[in-house]
Amino acid sequence: MTTIFNGRYTAKTDQPFVVFLIGMRVNKWWRFDKWFPVASAMGPMLQTLFTHPEKGFLHAEFFWNFSGPVLIQYWRSFEDLERFARQPSDPHLKAWKKFNQAIGADGSVGIWHETYTVNPDQFESVYGNMPKFGLGAAMEHVQAVGRRETARKRLETNKTLNPATETN
């Protein structure tokens, strides 16, 4: 059973991190032979990442939108994400090559990703009556009270706690 944290919580970190959004768009639903292998490729990647946190992967959330699956991933750094993507012994590179061979530019399946590097003074989050979720599951999960009570206060607190933004 999932633990619900009653009240308001937020994510706390003093380290930069990466938010990586990745998804697939099924353009031709009847081409099951094309899109199902692409959708199935993410499972082994996630299994590797959850099993090996030393690779820099912190957490992921999965969603399904009208056109296909979407995954939000949290990473320790862009370098960790890139290393995983390019490492021949990890499952991504093989899946990427297979996609290019099987799909290429035939239009049956689309893929996309967006990468955001985030400094600790440039984010805020709040979770009300929720299990640990998203950034709150990837980072330290703390109550959103006092100096973390509002979005503005959370941003100001993150800026104060970030040694990179402090001046002497």
Side-chain angles (χ1 to χ4, degrees), residues 1-5 9-141 158 164:
M1 182 91 188
T2 302
T3 302
I4 303 296
F5 292 86
Y9 284 78
T10 188
K12 175 184 166 189
T13 185
D14 62 354
Q15 298 296 312
F17 58 93
V18 169
V19 178
F20 181 65
L21 309 177
I22 186 166
M24 176 183 101
R25 185 179 199 294
V26 179
N27 296 322
K28 297 178 181 175
W29 284 96
W30 61 93
R31 290 306 309 261
F32 186 80
D33 62 314
K34 294 284 191 169
W35 65 261
F36 185 75
V38 176
S40 299
M42 189 54 73
M45 287 184 240
L46 288 173
Q47 183 176 8
T48 298
L49 292 170
F50 277 109
T51 305
H52 297 282
E54 71 275 8
K55 292 184 180 291
F57 173 77
L58 301 172
H59 183 69
E61 298 287 348
F62 177 81
F63 301 92
W64 189 270
N65 70 15
F66 290 118
S67 61
V70 176
L71 193 63
I72 302 172
Q73 296 181 358
Y74 302 92
W75 287 79
R76 183 176 50 209
S77 69
F78 177 76
E79 291 72 23
D80 288 330
L81 170 61
E82 185 179 42
R83 189 176 307 110
F84 177 77
R86 295 175 182 259
Q87 181 60 249
S89 61
D90 284 327
H92 175 268
L93 191 58
K94 182 178 177 182
W96 177 242
K97 288 178 180 178
K98 190 174 180 179
F99 172 85
N100 283 317
Q101 291 168 349
I103 308 298
D106 77 7
S108 60
V109 180
I111 56 169
W112 60 271
H113 71 75
E114 298 176 357
T115 308
Y116 303 92
T117 57
V118 183
N119 287 318
D121 62 336
Q122 296 174 324
F123 83 95
E124 75 82 25
S125 60
V126 69
Y127 312 96
N129 302 321
M130 293 277 295
K132 289 184 179 181
F133 178 85
L135 196 56
M139 305 294 176
E140 186 178 353
H141 187 245
N158 289 345

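Note that this is a predicted model, so its numbers are computed, not measured. Throughout, residue positions are numbered sequentially from 1 according to the sequence presented. Note: hydrogens, waters and symmetry copies are ignored here, and every other heavy atom, side chains too, is used.
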Minimum heavy-atom separation for Ala11 and Met139, please, with both atom names. CB-CB, 4.2 Å
Nearest 0.5 Å, what's the CZ-CZ distance between Phe20 and Phe78? 9.0 Å
Can you name the nearest heavy-atom pair linking Phe62 to Pro69, along with the distance? CE1-CB, 3.6 Å
Locate the shortest heavy-atom distance separating Trp112 from Met24; write the atom from each residue and the value. NE1-N, 3.8 Å
Does Val70 reach the side chain of Leu21, with side-chain heavy atoms less than 4.5 Å apart? no
Of the non-hydrogen atoms in Pro88 and Leu93, which two are nearest, and what is the gap between them? CA-CD2, 4.0 Å
Assess whether atom CD of Gln87 is packed by more than 12 heavy atoms of other residues, nucleotides or ligands within 6.0 Å. yes
For residues Pro16 and Asn119, determine if any side-chain heavy atom of one lies less than 4.5 Å from a side-chain heavy atom of the other. yes
Give me the atom names and distance for the closest heavy-atom approach of Ile103 to Val109. CG2-O, 3.8 Å
State, with a plain yes or no, whether a side-chain heavy atom of Asp80 is found less than 4.5 Å away from one of Phe57. no
Which atom of Ala95 lies closest to which atom of Met45, heavy atoms considered: CB-CE, 3.8 Å
Thr2 vs Phe133 side-chain heavy atoms within contact, under 4.5 Å: no
Run Tyr9 and Val126 through side chain to side chain contact (heavy atoms under 4.5 Å, CB included) and show every step you take. CA-CA 6 Å; Tyr9 284 78; Val126 69; over 6 Å; no
Taking salt bridge (Lys or Arg N to Asp or Glu O under 4.0 Å) as the cut-off, I'd like each qualifying pair that reaches into residues 47-56, sequence neighbours left out, listed once. Lys55-Asp90
Please report the interatomic distance OG1(Thr13) to CG(Asp121), rounded to the nearest 0.5 Å. 11.5 Å
Nearest-0.5 Å distance, CG of residue Leu49 to NE2 of residue His92: 10.5 Å
Do Asp106 and Lys34 sit within salt-bridge range, that is, some charged N less than 4.0 Å from a carboxylate O? yes
Any chance CZ of Phe50 has more than 12 other-residue heavy atoms, nucleotides or ligands included, within less than 6.0 Å? yes
Can Val118 and Tyr74 be said to form a side chain to side chain contact (heavy atoms under 4.5 Å, CB included), step by step? CA-CA 10 Å; Val118 183; Tyr74 302 92; over 6 Å; no
By ring pair (Phe, Tyr, Trp, His ring centres under 6.0 Å), which residues pair with Phe123, not counting sequence neighbours? Phe17
Within the side chain of Thr10, is there an N or O that forms a donor-acceptor pair under 3.5 Å with the backbone of Ser125? yes
Measure the spacing between CD1 of Ile111 and CZ of Arg25 and express it to the nearest 0.5 Å. 14.0 Å
Any donor-acceptor pair under 3.5 Å linking the side chain of His113 with the backbone of Ile22? no
Would you confirm whether Ser108, through its side chain, and Arg31, through its main-chain N or O, come within 3.5 Å as a donor-acceptor pair? no
